[in-house]
Amino acid sequence: MKNKLDFSKPIIMGILNVTPDSFSDGGIYPSTQSAVDKAMIMIEQGATIIDVGGESTRPGSERVSPVEQKRRIVDVISQLKIAMPQNTIISVDTTSSEVAEAAINLGVGMINDISGGKDDEQMMALVAKHNMYYCIMHMQGSPKNMQDNPSYKDVVSEISTFLNSQANKAIKLGINKEKIILDPGIGFGKKTVHNLDILKNLNKFSNLGYYTLLGTSRKKIFSEVAEKNNPEDRVAGTCATSALGVMSNINIFRVHDVWQNKQAIDVAFAIKNNATL
């Protein structure tokens, strides 16, 4: 079936930010062709999903209008659809139903909504109408203020409750349960202690009854834990969390560095299943 993912083994989602200000890779694709070329390299290295984003959601970032998001992503998606293999799909990282609809009309297979359906009340209905995969992420606050002073009484329980609630809402609005993906939102309104607690308890999210996504790639947690201030120096830390995620039955890994994480994921998956791939 077109745009159908195989969840029998871990899936890699390659990050393609066509933004001028993302924390790690903002502004590095000066043309549509350079962005498509990068996506094709990630696919060759093992990515099944390419997540295209036209709005930076780094801490402190300002929101980007739907018109500007579409200006940034439409040509990239159009060209990528022509170039990419049939067994890969495009995801769009947006909280706007206007942007999502434009992307859906171009043939994307997934909407990655960091607001978990909170920002735009039309989003879930749109996803249901087109039978899309829908990633629901947890975020405390907004990108602009989320790291000001995040606080929780029980971070794992509170995130699980939110994700369950939004997933139930999505199902009531017509989204197929098999198309729902939950993401605890590492680094989105969380201090390092919260992120570590989430990573320690990933199995509690994979046991909620939905597919799951982990996005730790190059994030600040590795600066604070491993003293790596340059995002490009955080690849090994990211790989460590990817291996941990495999052991906790996480399904999708959203990463910048595909082949490195694929190696970590393949080794962890082989150990977990006591078999070579």
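What you see below is based on every heavy atom in this structure, not just the backbone, and it leaves out hydrogens, waters and symmetry mates.
Taking each heavy atom of Val18 and Ala35 in turn, the nearest pair found is CG1-CB, 3.9 Å. In terms of heavy-atom proximity, Arg254 sits nearest to Ser217 at O-CB, 3.6 Å. Taking all atoms of both residues into account, the shortest heavy-atom contact from Gly53 to Ile73 is C-CG2, 4.1 Å. Looking at every heavy atom in both residues, Gly14 comes nearest to Ala47 through N-CB, 4.0 Å. Closest heavy-atom contact between Lys219 and Phe188: NZ-CE1, 3.4 Å. Residues Phe253 and Ser242 approach most closely at CE2-O, 3.3 Å, considering heavy atoms.
Between Val92 and Asn112 there is no side-chain heavy-atom pair separated by less than 4.5 Å. Taking 4.5 Å as the limit, some side-chain heavy atom of Met124 sits within range of a side-chain heavy atom of Tyr134.
In this structure, a donor-acceptor pair under 3.5 Å is present between the side chains of Asn251 and Thr212. Residues Ser157 and Ser160 have side chains that never bring a donor and an acceptor to within less than 3.5 angstrom of each other. In summary, the side chains of Asp120 and Ser97 do present a donor paired with an acceptor at a separation below 3.5 Å, with no hydrogens or angles considered. In summary, the side chains of Asn201 and Asp197 do present a donor paired with an acceptor at a separation below 3.5 Å, with no hydrogens or angles considered. Using modelled atom types, one finds a donor on one side chain and an acceptor on the other under 3.5 Å when comparing Glu178 with Tyr211. Between the side chains of Ser91 and Asp51, at least one donor N or O lies within less than 3.5 Å of an accepting N or O. There is no side-chain donor-acceptor pair under 3.5 Å between Glu101 and Asn105. Looking at Asp113 and Thr95, their side chains never bring a donor and an acceptor atom within 3.5 Å of each other. Side-chain contact, Gln69 with Thr94: a donor N or O sits under 3.5 Å from an acceptor N or O.
Residues satisfying the salt bridge (charged side-chain N to carboxylate O under 4.0 Å, His left out) criterion with Glu158, sequence neighbours excluded, are absent altogether. Glu98 meets the side-chain hydrogen bond (donor to acceptor under 3.5 Å, both in side chains) test with Lys70; sequence neighbours excluded. By the ring pair (Phe, Tyr, Trp, His ring centres under 6.0 Å) test, Tyr210 is found to be paired with no residue, residues two or more places apart in sequence or in another chain being considered.
Note: Asn249 CG to Ser206 OG = 5.0 Å, rounded to the nearest 0.5 Å. Taking OG1 of Thr216 as the reference point, atom CD1 of Ile198 lies at 11.5 Å (rounded to 0.5 Å). How far CE of Met40 is from OG1 of Thr88: 7.0 Å, rounded to the nearest 0.5 Å. A distance of 12.5 Å separates CD1 in Ile104 from CD1 in Ile90, rounded to the nearest 0.5 Å. A distance of 5.0 Å separates CG in Leu213 from CE in Met13, rounded to the nearest 0.5 Å. We find the CD-CG distance between Gln166 and Leu182 to be 10.5 Å, quoted to the nearest 0.5 Å.
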task: Show your reasoning for whether side-chain contact (heavy atoms from CB on, under 4.5 Å) applies to Met84 and Ile43.
output: CA-CA 8 Å; Met84 61 188 248; Ile43 291 168; 3.9 Å; yes
field: Check against side-chain contact (heavy atoms from CB on, under 4.5 Å), Met110 and Leu5
entry: CA-CA 10 Å; Met110 179 185 295; Leu5 294 169; 3.8 Å; yes
Derivation of the side-chain contact (heavy atoms from CB on, under 4.5 Å) call for Lys172 and Lys169: CA-CA 5 Å; Lys172 288 178 181 178; Lys169 179 180 178 181; 5.7 Å; no
- request: Show your reasoning for whether side-chain contact (heavy atoms from CB on, under 4.5 Å) applies to Val108 and Ile89.
  value: CA-CA 7 Å; Val108 306; Ile89 73 170; over 6 Å; no
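A single hydrophobic cluster is not seen to contain both Ile252 and Trp259; linkage of ILVMFWY side chains at heavy-atom distances under 4.5 Å, directly or through other members, places them apart. Tracing side-chain contacts under 4.5 Å through hydrophobic residues (I, L, V, M, F, W, Y), one reaches Phe7 starting from Ile49; they form part of the same cluster. At a threshold of 4.5 Å between side-chain heavy atoms, the hydrophobic network of Ile, Leu, Val, Met, Phe, Trp and Tyr places Val99 and Val67 in two separate groups. If you chain together hydrophobic residues whose side chains sit under 4.5 Å apart, Leu199 and Val255 fall into the same group. Both Leu214 and Leu208 are members of a single hydrophobic cluster when ILVMFWY side chains are connected at heavy-atom separations under 4.5 Å.
Taking the six-membered ring for Trp and thresholds of 30 and 60 degrees, Tyr152 and His138 have ring planes inclined between 30 and 60 degrees apart.
Results of the side chain to side chain contact (heavy atoms under 4.5 Å, CB included) test with Ser223 over Asn230, Asn229, Asp233 single out Asn229 as the only residue that passes.
Atom NZ of Lys118 is surrounded by more than 12 heavy atoms from other residues, nucleotides or ligands within 6.0 Å. Within 6.0 Å of CD on Gln263 lie no more than 12 heavy atoms contributed by other residues, nucleotides or ligands.
Look at Arg218 and Asp257 and you find a salt bridge, because one of the NZ, NE, NH1 or NH2 atoms lies within 4.0 Å of a carboxylate O, short of that distance. A salt bridge links Asp119 with Arg63; the closest basic N to acidic carboxylate O contact falls under 4.0 Å.
Stacking of Lys228 on the aromatic ring of Phe222 is not recorded, the 6.0 Å distance cut-off and the 45° axial limit not both being met.
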